[in-house]
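Each remark here refers to the structure printed beneath this line.
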Amino acid sequence: MTYKLGLIGNPIGHSLSPWIHQHFLESADLDGEYKLYEGDFEALPQVIQRLKDEQVDGFNITVPYKQVIIDFLDEMDEEAEILGAVNTVVQKNGKWKGYSTDGEGYVRSLADIFPNLLTSDASVLLLGAGGAARGIYRALMQKQVARLDIANRSLEKAEALLSLRIGNASTSVISFEEAEAQLAEYDLIVQTTSVGMKPHQDVQIIRLDNLRTGAVVSDIVYQPIMTKILQDAKSRGAQIHHGHAMLLYQGQLAFEKWTGKNLEVSHLVDQLEKKLRGEIN
Ligand code: ATR
């Protein structure tokens, strides 16, 4: 068969997903295409019609459709239901089922690079409480970490994340100032806000003066690849984890849902970095 895959959202002209999924199709020795279906918020019904007419096998969803797509689905995976957001749809026998691969994709990317990090005595600090943070919060909780604190500009929004808790991890909502003061208590710091993203790459969400030696600092922002907080962490001798790794592993998980193929993708992390830097096509 020839897989018909794609991405819906706006703007998506510079998306790396076609590059990623073309590599996956080739590695899996499958025929297929991954097309972009761009449309603004009001155009969703037309975008949906195109996907139905073309009988796509699956597609990814990005801004601004991650929540509103739910109205067009036949079924929802439990995790996507809890998060209230969908970034992957699988078509089977004409029915559409929605999934969220943000959290698990993130955790997979981290676990592949730092296999001993997410243990039952790990202490984690999550920076941010938006859509991306919600999925990551759940996925880290599922890994049974010991402690998972949330720091966010709006404490109310961070409090709202607590309703998503599972497992026994201790979790507190703290301010950025408190996070800076007690930074040495964490093995992993996960930056999920948009702070540091191009064109505002000169800002950093918190200071790292108290960072513990050997800690891992992870940023889901991948434009630029080396965000200010990652540069700072590296200069202090910490280990760093880049945002483009999450993008790749999210794709791996979506591809698995569409095709049933579980691909080894770690060798593509460096390739994707080169692609982002414009060094390869
Ligand atoms: P996403 O789906 O990408 O996570 P989002 O749901 O809009 O996007 O969430 C954005 C996150 O970045 C939030 O945690 C937001 O903080 P608030 O909840 O306080 O709004 C955070 N954020 C964005 N701009 C920020 C800034 N200038 N300073 C601090 N936090 C910021």
Side-chain angles (χ1 to χ4, degrees), residues 7-12 14-17 41 60-70 79-88 98-107 109-110 124-141 148-165 171-181 183 186 188-208 217-225 227-230 232 241-251 254:
L7 170 67
I8 68 170
N10 187 38
I12 51 176
H14 292 108
S15 167
L16 292 161
S17 294
F41 189 76
N60 288 128
I61 301 94
T62 186
V63 182
Y65 297 145
K66 281 185 167 194
Q67 280 103 32
V68 68
I69 185 69
I70 293 171
E79 197 60 27
E81 184 109 50
I82 291 166
L83 294 170
V86 163
N87 72 350
T88 302
Y99 297 86
S100 172
T101 66
D102 276 346
E104 194 182 337
Y106 174 76
V107 163
S109 74
L110 197 65
V124 184
L125 171 65
L126 187 66
L127 300 170
R134 289 167 67 82
I136 291 174
Y137 180 72
R138 291 273 304 177
L140 288 171
M141 280 260 169
L148 181 45
D149 292 346
I150 311 161
N152 194 49
R153 180 178 57 182
S154 143
L155 294 181
E156 267 166 37
K157 215 160 147 194
E159 299 276 356
L161 243 72
L162 298 178
S163 67
L164 299 173
R165 54 171 305 145
T171 181
S172 327
V173 167
I174 56 174
S175 65
F176 288 139
E177 291 72 27
E178 287 168 306
E180 286 175 344
L183 206 62
Y186 301 102
L188 167 67
I189 289 113
V190 187
Q191 198 305 108
T192 73
T193 75
S194 47
V195 175
M197 195 186 289
K198 270 182 193 168
H200 306 292
Q201 61 266 50
D202 295 331
V203 278
Q204 178 171 330
I205 189 89
I206 57 166
R207 295 171 59 91
L208 300 182
V217 176
S218 172
D219 194 345
I220 72 163
V221 170
Y222 57 88
Q223 272 168 334
I225 294 166
T227 56
K228 189 144 187 271
I229 197 170
L230 290 185
D232 188 6
H241 175 250
H242 292 279
H244 65 274
M246 170 179 174
L247 189 69
L248 189 68
Y249 282 79
Q250 252 178 306

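Numbering of ligands and ligand atoms starts at 1, following listing order.
Just one residue in the list I150, D149, L162 forms a side chain to side chain contact (heavy atoms under 4.5 Å, CB included) with S172, and that residue is D149.
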Return a table of donor-acceptor pairs under 3.5 angstrom between the side chains of residues 196-206 and protein atoms on other chains or two or more places apart.
from, atom 1, to, atom 2, distance (Å)
Q204, NE2, I206, O, 3.0
Q204, NE2, D232, OD2, 2.7

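At a heavy-atom cutoff of 4.0 Å, ligand 1 is surrounded by G128, A129, G130, G131, A132, N152, R153, S154, K157, T193, S194, V195, I205.
Partners of R153 under the side chain to side chain donor-acceptor pair (under 3.5 Å) rule, at least two apart in sequence or in another chain, do not exist in this structure. Remark: H242 pairs with no residue by the side chain to side chain donor-acceptor pair (under 3.5 Å) rule, at least two apart or across chains.
Under 3.5 Å, the side chains of Y106 and S218 contain a donor-acceptor pair of N or O atoms. No side-chain donor from either of N60 and S17 sits under 3.5 Å from a side-chain acceptor of the other.
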